[in-house]
Amino acid sequence: MLYVIYKIQLGDKIYIGKTFKNDLNGRSSRHFYDSKKYPERKVYKEYKKIYPNNDNVNHFKLEVIYEFDDNNIDRLPTYIEQFFADLIPKENLLNTIKCSYFNEEDRQKCKLESHRKLYPHRKQKVNCKVCNSIVSLRNISTHMKSKKCMNFKENEKKKLHTIQL
């Protein structure tokens with residue numbers, strides 16, 4: 001299967017992407033559709049600045065900058081879009097680079113890296129309000145459903161009930 005790395009030039013700004021070689025027109029159409037669905041994305045904001053009243057799919061011209069086939073994947077950088085994006089000044093780059101991956105292991109690594117960047121506070125340790133155990137913030141809701149926490153809650157209710165009697 002043949003793949004391509006492409007760019008979309010919008011004024012002095014550039015978007016880098018990857019798709020199948022035989023799907024360039026379809027990818028251009030999906031960019032146009034996504035510009036309506038996700039107008040807050042940088043590439044589509046720039047598109048609207050340049051073409052404010054023109055809803056023409058032809059403005060998303062994909063220019064191929066690199067071609068490769070899946071037989072050569074093991075010789076390519078794992079984050080191939082990042083490689084090309086590094087050649088462009090950051091202020092001119094429209095996409096927030098997501099990891100490009102070719103197998104499940106790379107996908108999992110990328111997902112983990114992204115998650116760690118987005119949610120570093122979830123490692124923070126907190127005290128459970130019910131049983132006062134120390135738990136990481138990411139596990140607090142699971143912990144509160146655990147037998148340990150539920151039993152503690154039940155025992156506290158029993159103690160309160162016996163004290164009231």
Between E46 and K49, is there a side-chain N and carboxylate O pair less than 4.0 Å apart? yes

Run the numbers on N127 and I134 for side chain to side chain contact (heavy atoms under 4.5 Å, CB included), then give the verdict. CA-CA 5 Å; N127 285 345; I134 298 173; 3.3 Å; yes

Could you tell me if the side chain of L94 sits less than 4.5 Å from the side chain of I14, heavy atoms only? no

Look at the aromatic rings of Y6 and Y15 and report parallel, tilted or perpendicular, splitting at 30° and 60°. tilted

Sole residue of E154, H143, K129 in side-chain contact (heavy atoms from CB on, under 4.5 Å) with C149: H143

To the nearest 0.5 angstrom, please state how far the CE atom of M150 sits from the CE atom of M144. 9.5 Å

Are the side chains of K45 and K48 in contact, using a 4.5 Å heavy-atom criterion? no

Within the structure provided, determine whether R30 and D23 are in side-chain contact (heavy-atom separation under 4.5 Å). yes

For the CD1 atom of I140 and the NZ atom of K125, what is their distance to the nearest 0.5 Å? 10.5 Å

Checking S136 against N139: is there a side-chain donor and acceptor pair closer than 3.5 Å? yes

Contact between K36 and Y44 at the side-chain level, heavy atoms closer than 4.5 Å - yes or no? no

Using the rule that two of Ile, Leu, Val, Met, Phe, Trp, Tyr join whenever any of their side-chain heavy atoms come within less than 4.5 Å, decide whether Y33 and Y38 are in one cluster. no

Would you find more than 12 non-hydrogen atoms of other residues, nucleotides or ligands less than 6.0 Å from N132 atom CG? yes

Taking the side chain as every heavy atom from C-beta outward, state whether I8 and L62 have any pair of such atoms under 4.5 Å apart. yes

Student check: side-chain heavy atoms of L24 and T19 closer than 4.5 Å: yes

Is it the case that the side chain of E40 and the backbone of K42 share a donor-acceptor pair, with hydrogens and angles ignored and the cut-off at 3.5 Å? no

Roughly how far, to the nearest 0.5 Å, is the CZ atom of R27 from the CG atom of D34? 6.0 Å

Is any side-chain heavy atom of E156 closer than 4.5 Å to one of F152? yes

4.5 Å side-chain heavy-atom contact, I16 and I65: yes

